[in-house]
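Reading through the structure tokens given below for one structure.
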Amino acid sequence: MKVPFLDLKAHHAPLRGHFKTAIAEVIDSGIFAGGPAVADFEDAFAAFCKCDYAVGLGSGTEAVWLALLACGVGPGDEVITVPSTFMATAEAITYCGAKPVFVDVDEHTYTMAPDALANALTSRTKAIVPVHLFGQTADMDPILKFARQHGLVVIEDSAQAHGAEYKNRRAGSMSEIGCFSFYPGKNLGALGEAGAIVTNSLELADKIRVLRDHGQARKYHHTVIGWNCRMDAIQGACLAIKLRHLDRGNDLRRTHAARYSAAFKEVEEVISPLEAEYARHVYHIYAIRVQDRDEVMRRLEGKGIGCGVHYPVPVHLQQAYVTLGHQRGAFPVSEQIANEFLSLPMFPELTEAQIDFVIETVTETVSAGVIA
Ligand SMILES: *Cc1c(COP(=O)(O)O)cnc(C)c1O
């Protein structure tokens, strides 16, 4: 049996007719960069996130970058985030001219450890960017409380958490700005590159609308230096279609995760993901932790099971950030989980037979003791 890590073809097959109609409408409208197709998607996505405003952008990386810029983050500022994330979170901070300052993550939820914030605070700290990793929100209440006490802005990197909840609040809606990616493999993915921010602040939404369009609110009248970060209209039109299926997809992911986790409870060598009591996890990634991860992965792939590692090198140890001067051992939880994480197949169209085959194969492999 073959089990792909992700099967976008299966996900898109029932929607192809709708995509074709929507793309034809964009072609006939002649409006390809922003415009009504993007505006309609923004309205629907804001409602989905229980936020007042959404602003469509070209990618999730641009979303984090423009969110920070709109909040006034710039050279000389420090922004606290986690090393256990995709590079883009820190990259966006660096692109504002600010310095990423890392705090470690909780060893059970893999999201920002609120207790670690106090140690990272300096007089230059301007913002905190928690990451809702793998589809589970960070523990936002203590993070928001700390930020309010110290006058800091909070920006949620929600790129992996479309529809996730924290105490009945939606990912992205709890802070100044929530940032989303619609990279094709995300829970809500475009048919290309796209991203968005959501916010309840009209002022911040307007600032980001200006920044995404070369700093102009009125054509050819540029009030600030911006960039071209507009959302492609074809992506907006297709995302509006896919958004209607997101809740069902997330529910299926949760069902699949429950099946995996129930089985792995019996397997001592596997640590399965924990859904915190405050969270509704949407399992963008279903990552287990095992010893000898690389060997386990080789064996699973040998049996036709697609796997991933998110992420093998924590951001503070990336070569691109040697200038920050972090040593191995600086963030022990992030470093340990980077060695142990193994992402198993997870997408709505997975079948029970496929999940059971993955469970069987993982169980066999780790129980046999893989150290050759
Ligand atoms: C995917 C992702 C991003 C970047 O999104 P792009 O659309 O690929 O630019 C940022 N942060 C996290 C946590 C992500 O997973």
Side-chain angles (χ1 to χ4, degrees), residues 5-6 8 38 41 45 54-69 79-96 100 102-103 105 109-112 127-138 140 143 154-164 171-172 175 177-198 208 211-212 227-232 235-236 238-239 242 253 273 281-287 308-316 318 320-321 334 337-338 341 343 346-347:
F5 179 66
L6 174 68
L8 286 174
V38 170
F41 169 68
F45 191 64
V55 181
L57 302 167
S59 71
T61 308
E62 288 174 356
V64 183
W65 178 47
L66 295 194
L68 290 161
L69 285 180
V79 178
I80 301 176
T81 190
V82 289
S84 189
T85 180
F86 180 57
M87 181 68 173
T89 317
E91 244 177 348
I93 295 167
T94 302
Y95 250 59
C96 294
F102 299 109
V103 296
V105 296
T109 61
Y110 316 136
T111 56
M112 181 175 275
I128 305 176
V129 183
V131 179
H132 302 326
L133 195 74
F134 297 163
Q136 174 156 258
T137 60
M140 289 303 290
I143 294 170
V154 179
I155 292 167
E156 293 162 76
D157 185 338
S158 311
Q160 303 188 0
H162 319 68
S175 60
I177 302 179
C179 304
F180 288 89
S181 163
F182 306 121
Y183 180 76
K186 302 286 162 88
N187 286 28
L188 178 60
L191 305 182
E193 304 275 359
I197 64 91
V198 296
I208 291 171
L211 285 169
R212 79 171 164 184
W227 200 255
N228 174 1
C229 303
R230 295 179 300 250
M231 182 186 274
D232 179 300
Q235 301 310 331
C238 293
L239 281 165
K242 289 190 72 176
R253 287 172 185 269
H281 200 316
V282 293
Y283 297 99
H284 169 55
I285 298 283
Y286 185 91
V309 174
H310 303 88
Y311 299 90
V313 181
V315 176
H316 69 287
Q318 292 289 348
Y321 277 128
S334 295
I337 59 184
F341 271 151
S343 309
M346 175 54 76
F347 53 91

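These numbers come from a predicted model, not from an experiment. Just the heavy atoms: all of them, side chains too, but no hydrogens, waters or symmetry mates, feed the values below. For ligands, and for the atoms within them, numbers begin at 1 and follow the listed sequence. All residue numbers in this chain count up from 1 along the given sequence.
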Provide, to 0.1 Å, the distance between atom 15 (O) of ligand 1 and the closest protein heavy atom, together with that atom's residue and name.
Gln160 NE2, 2.8 Å
Name all residues meeting the side-chain hydrogen bond (donor to acceptor under 3.5 Å, both in side chains) criterion together with His132; count only those two or more places apart in sequence or in a different chain, and write none if there are none.
Glu156
Hey, is ligand 1 close enough to Ser181 that some N/O pair sits below 3.5 Å?
yes
For residues 60-68, please give each side-chain donor-acceptor pair under 3.5 Å, one per line with the distance, not counting sequence neighbours.
from: Glu62; atom 1: OE1; to: Gly58; atom 2: N; distance (Å): 2.9
from: Glu62; atom 1: OE1; to: Ser59; atom 2: N; distance (Å): 3.4
from: Trp65; atom 1: NE1; to: Tyr95; atom 2: O; distance (Å): 3.4

Proximity to ligand 1 by part of Glu62, non-hydrogen separation under 4.0 Å
neither
Part of Thr61 with heavy atoms under 4.0 Å of ligand 1, whether side chain, backbone, both or neither
both
Ignoring hydrogens and angles, tell me if any N or O in the side chain of Tyr321 forms a donor-acceptor pair with the backbone of Ala90 under 3.5 Å.
yes
Quick check against the 3.5 Å criterion: does Lys242 have a side-chain atom that pairs as donor or acceptor with the backbone of Ala190?
no
With a 4.5 Å cut-off on side-chain heavy atoms, are Ile285 and Met346 touching?
no
Going by heavy-atom distance to atom 12 (C) of ligand 1, choose the closest among Ala190, Ala88, Ala159.
Ala159
Within 4.0 Å of some non-hydrogen atom of Ser59, the atoms of ligand 1 are 7 (O), 9 (O)
Proximal atoms of ligand 1 relative to Thr89 (non-hydrogen, under 4.0 Å)
11 (N)
Aromatic ring centroids of Phe45 and Phe182 under 6.0 Å?
yes
Please check this pair: side chain of Arg253 against backbone of Tyr283, looking for a donor-acceptor N/O pair closer than 3.5 Å.
yes
So, regarding Asp157 and ligand 1 (criterion: nitrogen or oxygen to nitrogen or oxygen, under 3.5 Å), is there a contact or not?
yes
Between Thr85 and ligand 1, does any nitrogen or oxygen pair lie at a separation below 3.5 Å?
no
Identify, for atom 1 (C) of ligand 1, the protein heavy atom at the shortest distance, and state residue, atom and that distance.
Lys186 NZ, 1.5 Å
